[in-house]
Every structure is written in C-alpha cells, then in structure tokens.
Amino acid sequence: MAAYAALASLLNNIEQMMRHPTLSTSFDNIQIQSLEEKAALLLDFIETYNYVGGVSQEVQDLESLIASAAHTAEDVIESHIVNQLLPLSAHDREAAFSFSLYLQKKRAIEEKNEAAVGDVDQFHGESNLSNFDYLRQIIEDMDAIIHKASELKEKQRFREEHSTPPLTLSLTQTREETAMVGFGDELIQLLDELTGHRSNLHTISIVGMGGMGKTTLAKNIYAHQLIIERFDIRAWATVSHQYNAEQILQQLVFGQGKSSDKSVDELGEQLHKTLFGRRYLIILDDIWSVEAWNEVRRFFPDNGNGSRIVLTTRLSEVANNCGSSCFAKNFLDENKSWELFCKKAFQNEDCPTELEEVGKEIVRLCKGLALSIVVIGGSLRKSPRTVRYWKSVAKHIESSPNSKEKQESLDVLISSYNHLPSHLKPCFLHIGVLKHIKYKSLNISRIIQLWVGEGFLKSNGGRVLEEIAEDYLKELVDRNLILVGRRSKNGKMKSCDIHDLLRDLCLKVGEQQGLFDVISGGPIQGTERRLVCDKAPRWSDNDRPLLTRSMVGYAEFPMEDTYKHRLLRIFDAEYYGFVEELFGCVNLRYLAGVRAMGHDVFELPSSISLVWNLHSLIFGRGARVVAPIEIWKMRQLRHIECGGGIYLPHPDGQLQDDLVILENFQTLGKAVSLRLSEDVCNIIPNIKILHLEYERDYSLKECLCNLDRLHKLESLKLFSTIGWGHVKLNEVLRFPSSLNKLTLRSFQFEWDDLTMIGSLPILEVLRIQVNWICRTWSPVDGQFQRLKFLKIELCDLTCWNADNCHFPVLEKLILRYLHKLEEIPWGIGEIPTLKLILVDDCSNSAAISAIKIKDEQLQYQENDDDLQIQIRVGEYKLESFMAMVETEGLTLDHVQFNVFD
C-alpha cells in the first residue's frame, strides 16, 4: 500500500505546511490547492479500488504511478522547505538542483518515456528551474493519472453490469475427518454446547487468526459420531470474503460443487421447508461480514428442538454480532503443539529419541500456530530422519522468510492482509516491521506516534490523530492480526504483539509493495524512502541529498555532511553524537533513541525551533536535557518524553509578543521543576499526560496552583525528590475533574487530602507513596466511585476504616511496605468486583487479615477463584509470620505465597 501511504503523507504534509505562518506563504496557494485536490481524488480512488483478494494488474500499475507522483511532490515541497529554513551554500543548491533532475529522469526511465528523458537531459546546466515548474509538472502528471483512473472505473462499472460474480466453492471435503490432535479439550467444550439441553436455535461463533485451526475444529464437529446421531440434517457452506447469498444457499441445499438457476428467495424457501420441524446443524465456514450472515439467517427456522448454527471467522466483530455465544480459538500450548507435530511428522510412530530435541525446537519456532505445525510436520514426514537434516530445517525456518514451509503458511494468511481496508494496510505492515527489529512486545504509544510521524493517518473531521490510530489498532485486534499484550491499570491496551508468521508476511509484502526496505548492514543508496535496519548500515558515497525519510532500528548517523540528511522525518535508532548537528534535519517529525556524548546534562540548541514539524521528542533514561525557550514555539509538538528528566524554561514575559498555543501537545514526561504558570497552561491547554518532578524546595502552591486549568488532563504523576514538608494539598491546589490516573510520591498527607482526591468523578487509578500526618484513614461515603486500582506504599498508615461501599468497583488493591498497618478492612473483601489483593512486605497482621478475607469468601461463595490473594514476606520475619498463621488456625493453601531475601 505504498500509494495510499504516499498520498496520506503528502496530504498531511500540505495540511501542516499551510498552517505554518511563514512556510504557507512560500508556495503558490493556487498550485498547492490544486495539488491537494488531486491527491485527495487519487486517495479516494485507492480506497475505492482496494479489491478484496488483491487488485488487478491495471490497478497495481496505476498505484505505482500514483506513489511515484506523490513521492516526487513531497521531495519538491520538503526540499523547498529546507531551502527556506536553512541557508544553503552554492554547492548545496547545485546538489539540490541536480538531484531534482535526477528524480525526474529516474521517473521517466521507469515509465519508459524516452521523450521525457530527453526533456530532462536538456535542463542540465541550467539552474533556474523553480519549484513552480516542478509542481506544475507533477500536477499535470496527476491529471493524467486521474484520467486513467476514470477510465478504469468506467471499465469496472461495465464489467459489473454485464457479468455475474464467479462461483467460488470450497474444495474442502467436509465429511472427511481431520486429525484433531491438540484440539481435544476444545472439541469436547463445543460438543457440550451443541448437544446441551437448550431448546431454542443457538448460534456459536468460532473466532481466531488465520491458521489457528478453526475450520479443522468445525470439520471434526461436523463429522463426529455424536453429532451425526443427534442431528437429523447437517449442511456445510464455505462463505469466503466475496460472498454471494445464492452461492451459500446452493451449497446448503445441494451440497458442494452443485448449482441451480433458482433465485435467492426460491433457494431460501426450499431450505426453510427442508429444515422446518427437524433438528439441524448448519456450519458456515470462513464468514467475513455481518452482511453475509444477515442475507441468509432468515431462512433458518427456530424449531425449538435444539438446532444449532456454527460460524467460523477471523473477525471478532463478526463473531460478536452473528453468534449467540463466541468461542475464541487460541494458540496451542507447548504440549499440544508437540502432540500435533508428532502426529503429522510420524503418524502412528513414536518420535525417535535423537530427533526429539531438534523437533521441539522446530515446534517452538511455530509459536503455537496450528497451520505452521501441520505444514512443517507434513513436509518432514517423508524427509530424512537425521539430526543433521532436521537441524538444517530448523535453521532455515528461523532465518528464511522465503522457505517452502513458511511460504505455504503465508499463502493461507495473505487473504487476511488482502481483505484489509486500504487505510489499515500500511499500519499493519508497519507493526510487522517494528516487530522485526524490536523482538519484544510493542509499545502502543510508540506505534501511534510513529504512525503520526509517518503520515499514515488520514485526518477525519477534526478528530485527534492519536484517537484515529487507536481505532485502527482496535480494528486490527478485532481482525485477530495483532495480539493484545499488557493493559494499563484502567484497561487500555499498553502493548501488543504479532505472530512471527504474520511478521514475515509484513516484511515480504512491505518490501514487494515498496513501502520500506530492510537493510542488514548496508549499503544504503539514499533512494530508499523508509529504512528498517536490523544491523548498522553502510552509507554509499555520493554527493546527492538522500531521499530517505525514515530510519528505524540499528543505525549510525553520519553527520559529516548534514545537508544530505535534511529530508529525514523519522529517526528511531541509537545515536551517540552531537545533538546540535542532528537538529539540522529540519523535516524531522519523530526523534527517539538519542544519547549525547559525554554529558550528564546536555542542552538542546535554539535551532530546534527550525524543526518545524517535530511531533515526538523522546529521550531514554540517562542524561537530563535542558530545553531552550524556543521549544514553546514548536507548533506541531505532540509528545515530549525524557526518562532522565527535561528542564523547560518558564516562558513568562519572554513570549508575550509571540505566544504560540500548542493545540496538539498531549504528553510531557518528565518535566523537572516546572512551574505551571498561566502562560504554560495557556500554551498546552489540551495536554493529557503530565509527569512532574521537583528536586528543590519549590513552593507547591506557586508551582501547581493553575493545575485545574488543564481541563483535558487524564494522567498526572507528581514526584518530589526531597519532600515538601507538611502541606495540606486541598488548601493549595485543585485537581482537574478530567483526571483518570493519579500518582503521588514523597508528600506529607492528611487524610482529608484524600477526601479531595476521592471526589474526582472519573478517577480509576490511584497510586500513593506519602507520609501520613494523621495515620488513620476513614474514607467518606460516596467517593472513589469509579476507582479500579489502588496502590499504597511506603507510608505510616496504621488504621484504615473502610467498607465495600467506599470503593464499590475496586478490582486491584496493592499494599507495599506498610509496616504499621494493623489490618485490611474486612469490608474490602465484600467488594464484588475485587480480583486481587497483593500484600508485599507489610505488617504480619495486614497479611493475616488478607488470608482471613479469602477464607471468608471460601465459606460463603461458591466460586472461590474470583479473588486472588498474593503475599510476599521477607525472610527476616518469616518465622514470626508462620507462627501467627498457626496461632490463628489458618493455612496458605488458597493464597500465592512468596518469600524474599
């Protein structure tokens, strides 16, 4: 989807440029408006002709032209921006001019346009060709492409009017039983659902990623003797993405491979008559849309006799909307994977002892995906049974995405990619790229920031781009293409993962479609738009500016000729060097991974303000950063994250004549000793995440008195490295009512300070590490009504008086290092939503009270798994704790108990 990504990026670029006070006047507005309109038309064409199952060759050729035109437009626009923002030497200007000619000639050669090649050659030696001329040529190219697109649309309309969709019947022999190795528990569970006492018509959806074994499970259900004996009629239809209601009904009425000239209503009526009064089982395999289900559901009578319908689908949305109940097909565990592999590789024989170790390594590489296990096991069945050969197979599977075994699996999974809407395709491919170089689970906030920086996200009705990206991620999760990793305490997705086979699919398709290039050590030519570096690359020697816009992974950044890199937009790699030089790349949007050479504290240059479109500035743990006053003028800033801390200057009085509102600014962490003056709050009115640390004895009231002006603040962390002394929070500050997460550390508290916090209407997460002046906490009725997560640590809380009405929806309670706490309130155990109490190195009496809460639940509740109790006790007091357990007549059978040194 290089064409979609290129057009979306171009439109985003134009939109941001036209908002800039000086850059917006440096182009011909009529030209830019024309370019924008034509790019939008072409983007609409890409979305319209995102054919399921792949596009025609005509469309692919046209998309290549579209991507080339959009890329060239960006090259011209961004090169001009560099020229506007930075003074260029005569050599630099000549290089820029020569490179623009090179691009035109390259395009002409690619299009086999000899006349255009000759026209470009005539320009050599002339240096007065303007951006106006370049853009005029690009607009003319886009006009020609739009004309071709219109012709293609007309051809397609004619085909649709004068042809009928091809009949695509499944070749699967549904009556042939498939080995159910590894799926036995799931088969039993579904058989119970299908043969249960429920009399009404019941629909069950089996949902999961492609290759998980959904169809295999359904086929074994269909052919199971218990099912054959129970149901009077069994029928199977394979739906597929390009569904046709007539085709589905023909399969159900006549069986596989047969057809009829009857209409949908006639077929439906015949099916209804056949099923009426009988107990039936219908299986609709590989259903991709709710619409397909709605087309045929009216023909299934509810006979009140226990009839059943089973759907298999890759889409969670379809499963939830079509089925009365939903069964999620999961990855196989280690034992089931090995069992399935042995069945395929050895059939009825045992695995030879000498092959067991390498065989289990091969199975591990399949990551629990049944499809891969079946394909690889089957391919090894007739292969030499030698350790040497099997080790070579394992090495080949691990290192080669193009191995025969992987290719067979990818052929099945490619339909999941082809069926994606166009706006999701570059995002999905990008996740696979990140997985290729990151290896661990992927951070959601980083993914979203990179998508914004890459320009993948299409603006939609003024919505915040990050919200659009979250919707995209949810869609990919619902399609079972990415897996949810960790969730934050309030339930939001915090990390995600992707199966290795899908990662390989992303790499293969992404390179084929020209979305990115994977480089392992180099060399880099400079014509690659997006580079994925799993090893530090080598740079080719040439004098041309580089086209590279994105570098992710392991990269060394040669700064000896900074002009060559000034079109760079994404840099997410380890860089040890002089930060001042890096900010010479004025088109940067996303910058992460930077380490300054030999400094504990380093200053950002004032020239950072020239980086006109910077969205995300991310520094890891380590040195602290000092920002210049110019940082408050960076209109496109959305996220600043600095693990070691960043010192931001106070803009009071310095920007009165040039006060800029950073409308998109959302994340600041962690800012050291920042005073939230009126000016600062006015500059960042839409901030959502704020992490503040104070290292000197600042006045709390002076620093935070304007906190409640931040009406969109969702998450706040307040740390003090020295403490503020005895201060009543509710007398010096007010929290904004929008707060959802609050962390307070190194304060002195009185319990009525928590009364103020408890009144926050949507607070769900609270972490406190404070010194209580009053050691008794008695919450007020009606507060903490939405609190789900409560963590209290390192404080002198002694007496806690609370009931289930004080925290009505609490799910997790974490208590750490509370050595004076007498006990956990008895009523806490009566909160119906409570799932976890963790007591970590607290007083023995507090731990004992947690055990008693669990024992109480075991006596009066049928389900004893709802509440988990975890207790950690230091070895230094283990003896006294165990003695107390014995004295109270308790056991540790129903708690998770750990001892630490």
Side-chain angles (χ1 to χ4, degrees), residues 445 486-492 494-495 641 643 645 667-671 687-694 700 704 707 710 713-724 727 729-730 733-773 775 777 779 783-797 800 802 806-821 824-825 828 831 833-842 846 850 870 872:
S445 65
R486 293 179 297 119
R487 290 190 180 273
S488 61
K489 301 303 183 294
N490 59 358
K492 281 191 173 183
K494 199 169 184 179
S495 69
E641 300 178 37
T667 307
L668 175 56
K670 60 185 174 181
I687 191 168
K688 293 182 177 181
I689 301 172
L690 181 60
H691 178 180
L692 299 172
E693 179 178 296
Y694 293 90
L700 181 61
L704 299 173
L707 187 62
L710 303 176
L713 189 63
E714 298 175 1
S715 177
L716 174 66
K717 293 182 181 179
L718 286 178
F719 291 178
S720 172
T721 58
I722 61 166
W724 255 308
V727 120
L729 287 182
N730 60 1
L733 65 86
R734 292 288 180 269
F735 294 110
S737 59
S738 56
L739 270 186
N740 180 265
K741 299 170 67 175
L742 177 62
T743 300
L744 299 170
R745 183 174 295 173
S746 297
F747 292 91
Q748 288 187 330
F749 256 35
E750 293 192 9
W751 69 265
D752 55 351
D753 291 327
L754 281 177
T755 303
M756 173 185 65
I757 294 170
S759 63
L760 292 171
I762 62 171
L763 186 69
E764 295 186 359
V765 177
L766 176 61
R767 301 182 184 91
I768 45 180
Q769 179 187 317
V770 296
N771 295 320
W772 254 290
I773 302 302
R775 296 179 180 178
W777 181 23
Q783 296 193 338
F784 296 108
Q785 291 298 295
R786 292 182 58 176
L787 193 69
K788 296 180 179 179
F789 179 92
L790 175 61
K791 179 178 180 180
I792 308 173
E793 60 181 337
L794 279 173
C795 69
D796 294 333
L797 178 62
W800 184 10
H806 293 126
F807 308 95
V809 297
L810 190 67
E811 296 177 1
K812 294 183 179 180
L813 173 64
I814 312 296
L815 305 175
R816 280 200 165 109
Y817 320 124
L818 306 184
H819 300 299
K820 296 181 180 180
L821 180 63
I824 301 170
I828 293 292
I831 299 174
T833 56
L834 192 63
K835 302 296 182 186
L836 172 68
I837 297 177
L838 169 61
V839 183
D840 184 4
D841 196 17
C842 296
Q870 297 179 11
R872 296 183 73 245

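Residue numbers count from 1 along this sequence.
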Here the pair of heavy atoms bringing Arg734 nearest to Leu707 is O-CB, 3.8 Å
On a heavy-atom basis, the closest approach of Thr833 and Pro808 is OG1-O, 3.7 Å
- Message: Any non-hydrogen side-chain atom of Val839 less than 4.5 Å from a side-chain atom of Ile824?
- Response: yes
| query | Is there a side-chain contact (heavy atoms from CB on, under 4.5 Å) between Leu836 and Ile814 once you walk through the steps? | reply | CA-CA 8 Å; Leu836 172 68; Ile814 312 296; 4.0 Å; yes
Do other residues, nucleotides or ligands put more than 12 heavy atoms under 6.0 Å from the NZ atom of Lys791? yes
Interatomic distance, CD@Gln783 vs OG1@Thr755, rounded to 0.5 Å, equals 5.5 Å
Test side-chain contact (heavy atoms from CB on, under 4.5 Å), reference Phe719, set Arg745, Lys670, Gln769, output is Arg745
Distance col, row Leu710:CG vs Lys688:NZ, nearest 0.5 angstrom, shows 13.5 Å
Exam field: side chain Glu641 to backbone Thr667, donor-acceptor pair closer than 3.5 Å: no
Beyond-backbone contact of Lys717 with Ile689, side-chain heavy atoms, under 4.5 angstrom: no
Using the six-membered ring wherever Trp is involved, compare the ring planes of Phe807 and Trp800 and label them parallel, tilted or perpendicular (cut-offs 30° and 60°).
perpendicular
One should read off an interatomic distance between Glu811 CD and Lys788 NZ, to the nearest 0.5 angstrom, of 5.5 Å
Residues at least two apart in sequence or cross-chain that pass ring pair (Phe, Tyr, Trp, His ring centres under 6.0 Å) with His806, listed by chain then number, are none
In terms of heavy-atom contacts, Ala846 and Leu821 come closest through CB-O, 3.9 Å
I want to check something: taking the side chain as every heavy atom from C-beta on, are Leu790 and Phe784 in contact at a cut-off of under 4.5 Å? no
Here the gap from Tyr817 atom OH to Cys795 atom SG, rounded to the nearest 0.5 Å, amounts to 13.0 Å
Distance-only criterion, 3.5 Å: show the donor-acceptor pairs between side-chain atoms of residues 735-744 and protein atoms not counting sequence neighbours.
residue: Ser738; atom: OG; partner: His711; partner atom: O; Å: 3.1
residue: Ser738; atom: OG; partner: Leu713; partner atom: N; Å: 3.2
residue: Ser738; atom: OG; partner: Leu713; partner atom: O; Å: 2.6
residue: Asn740; atom: OD1; partner: Asn490; partner atom: ND2; Å: 2.7
residue: Asn740; atom: ND2; partner: Ile762; partner atom: O; Å: 3.3
residue: Thr743; atom: OG1; partner: Arg767; partner atom: NH1; Å: 3.3

Heavy-atom nearest pair, Ile837 first then Ile828, reads CD1-CG2, 4.4 Å
In this structure, CG of Leu838 is separated from CG of Leu815 (nearest 0.5 Å) by 7.5 Å
Closest heavy-atom pair, Tyr694 versus Leu692, reported as atoms and distance to 0.1 Å, is OH-CD1, 3.6 Å
Distance col, row Leu763:CG vs Gln785:CD, nearest 0.5 angstrom, shows 12.0 Å
Heavy-atom closest pair (Arg775 atom, Leu797 atom, distance to 0.1 Å) is O-CD1, 3.5 Å
